[in-house]
Amino acid sequence: VFCFQLYLRRVREAVVSTQSTGVTGKCGSVLVRLVPAPRGTGLVSAPIPKKLLAMAGFEDCYTCATGQTATLGNFAKATFAAIAATYSYLTPDMWSPTVFTNSPYQEFTDYLAKPFVKQPKKEVKY
């Protein structure tokens, strides 16, 4: 449990409170699915995943579990895998800053604004 807490401290906190989509985690025969819930719902889960989700900082989440959930080790690992899957999404707060450059039309405005004067051709005698 202590390693779990240390691992989650390093993970960004922006996604934790609001989950964007449903994610799944699997360990052994246990499959845990985390589904986003409306705000104010709370954690709708069995006791083991509820403790892990609370430690991870989730506020509103539905869970769905299949398999041999009586095996608490696999149940906890599957929940942890599902929580870890929520951190694979790239949210706008993690986007690198975009450096905008001028388009060629803006960069060469002065040159393009000059009127084009056709130069007379020089005759070449052989």
Worksheet entry | Minimum side-chain heavy-atom gap Leu34-Ile83 below 4.5 Å | yes
Worksheet item: Would you say the side-chain atoms of Asp60 pair up with the backbone N or O of Gly40, donor to acceptor, closer than 3.5 Å?
Response: yes
Item to complete: Return yes if some donor-acceptor pair links the side-chain N/O of Lys26 with the main-chain N/O of Gly28 below 3.5 Å, else return no.
Response: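 The answer is yes, because a donor-acceptor pair under 3.5 Å joins these two groups.
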With [X], which residues qualify under side-chain contact (heavy atoms from CB on, under 4.5 Å), at least two apart?
{"X": "Pro38", "result": "Thr41, Tyr62"}
{"X": "Ala65", "result": "Val32, Thr69, Phe75"}
{"X": "Thr24", "result": "Leu31, Arg33"}

Fill in: Atom pair CG/CD1 of Asn74 and Ile48 - distance to nearest 0.5 Å
12.5 Å
Discussion item. Please report the interatomic distance NZ(Lys50) to CZ(Phe58), rounded to the nearest 0.5 Å.
Written reply: 15.0 Å
Worksheet item: Mind checking what makes side chain to side chain donor-acceptor pair (under 3.5 Å) contact with Ser45, not counting sequence neighbours?
Response: Thr63
Heavy-atom pair with the smallest gap, counting every atom of [X] and [Y]:
{"X": "Gly25", "Y": "Ala81", "result": "CA-CB, 3.9 Å"}
{"X": "Ala85", "Y": "Val23", "result": "CB-CB, 4.2 Å"}
{"X": "Leu52", "Y": "Ala76", "result": "CD1-O, 3.6 Å"}
{"X": "Gly22", "Y": "Pro36", "result": "N-CD, 3.8 Å"}

Anything under 3.5 Å between a donor and an acceptor, one on a side chain of residues 100-110, the other on a protein residue two or more places apart or in another chain? List them.
from, atom 1, to, atom 2, distance (Å)
Ser103, OG, Gln106, N, 3.4
Gln106, OE1, Ser103, N, 3.4
Thr109, OG1, Tyr105, O, 2.8
Thr109, OG1, Gln106, O, 2.9

